[in-house]
Amino acid sequence: MTTLPLWIAAGVAAFICAVHAIAGGKDTARPIKASRDLDTTAKHTGLLVWHLFTVALAQLGALFAAAAYWDSQPLAIAATLFSLTYAITALIYPLVAKVSFKVLPQATMFAGLTLLGTIAATS
């Protein structure tokens, strides 16, 4: 198995996590926290989900890195499947919600991670 695509995927996932934490914190989490229109359950559920996904992104990067470090095809497949499910969800949600992909471009990032993981896992 070729590990270079996995190392690249780990780096890209770390970058995505950082963008999510910094820009997403400013553009998503802070407005949710500051909202006076949301009830307590909706507000704190939204914030919890945002924080949980921050952790999930960090775990995704760590899983790609572990797959590369241990040259592990099963770990590469697991990371790739996680990324694929994120890509599919990020592709379908904007279509269903009738929101532009310019507003929610995340599918592109996860498709790239899925491609890198697929290249590594099948080589």
> In terms of hydrophobic clustering (I, L, V, M, F, W, Y; side-chain heavy atoms under 4.5 Å; direct or indirect links), are Leu38 and Leu47 co-clustered?
Replying inline: yes
>> Could you report the tightest heavy-atom contact between Ala107 and Ala87, atom names first, then the distance?
In response: CB-O, 3.9 Å
>> Quick check: closest heavy atoms across Ser83 and Thr114, and the distance to 0.1 Å?
In response: OG-OG1, 3.0 Å
> Would a hydrophobic clustering, with Ile, Leu, Val, Met, Phe, Trp and Tyr connected at side-chain separations under 4.5 Å, put Ile88 with Val49?
Replying inline: no
> With the 4.5 Å side-chain cut-off for hydrophobic clustering, are Leu81 and Phe110 part of the same group?
Replying inline: no
>> Which heavy atom of Pro5 sits nearest to which heavy atom of Ala120, and what is that distance?
In response: CB-CB, 4.1 Å
>> Tell me the closest heavy-atom pair linking Thr54 and Ala21, and the distance in Å.
In response: CG2-CB, 4.3 Å
> Which heavy atom of Ala65 sits nearest a heavy atom of Ala10, and at what distance?
Replying inline: N-CB, 3.6 Å
> For Phe82, does the CZ atom sit with more than 12 other heavy atoms under 6.0 Å from it, leaving out its own atoms?
Replying inline: no
>> Could you walk me through whether Leu113 and Ile16 satisfy the side chain to side chain contact (heavy atoms under 4.5 Å, CB included) test, starting with their C-alpha distance in whole Å, then the side-chain angles of each, then the deciding distance to 0.1 Å, before giving a yes or no?
In response: CA-CA 10 Å; Leu113 289 177; Ile16 292 170; 3.9 Å; yes
>> Treating Gln106 as the side-chain partner and Ala90 as the backbone partner, does any N or O pair qualify as donor plus acceptor under 3.5 Å?
In response: no
>> Taking CZ in Phe101 as the centre, count heavy atoms belonging to other residues, nucleotides or ligands within less than 6.0 Å. Is the count above 12?
In response: yes
> Does Ile119 belong to the same Ile/Leu/Val/Met/Phe/Trp/Tyr cluster as Leu84, with side-chain heavy atoms less than 4.5 Å apart forming each link?
Replying inline: no
> Under 6.0 Å between the ring centres of Tyr86 and Phe53?
Replying inline: yes
>> Please report the interatomic distance CG(Leu91) to CG(Leu104), rounded to the nearest 0.5 Å.
In response: 11.5 Å
Check residues 23-34 and write down every donor-acceptor pair under 3.5 Å in which the side-chain atom is one partner and the other belongs to a residue at least two apart or another chain.
none

>> Would a single hydrophobic cluster contain both Ile8 and Met109, if residues Ile, Leu, Val, Met, Phe, Trp and Tyr are joined by side-chain heavy-atom contacts under 4.5 Å?
In response: yes
>> Using 30° and 60° as the class boundaries, would you call the ring planes of His20 and Trp50 parallel, tilted or perpendicular?
In response: parallel
> Distance from Leu52 atom CG to Leu57 atom CG, nearest 0.5 Å?
Replying inline: 11.0 Å
>> Please evaluate residues Trp7 and Thr2 with respect to the criterion side chain to side chain contact (heavy atoms under 4.5 Å, CB included), reporting the C-alpha separation (whole Å), side-chain torsions for both, the decisive distance (0.1 Å), and the verdict.
In response: CA-CA 10 Å; Trp7 286 117; Thr2 301; over 6 Å; no
>> Would you say that Tyr69 contacts Leu75 through its side chain, given a criterion of any heavy-atom pair below 4.5 Å between the two side chains?
In response: no
>> For Leu6, is there any backbone N or O sitting under 3.5 Å from a side-chain donor or acceptor partner on Thr3?
In response: no
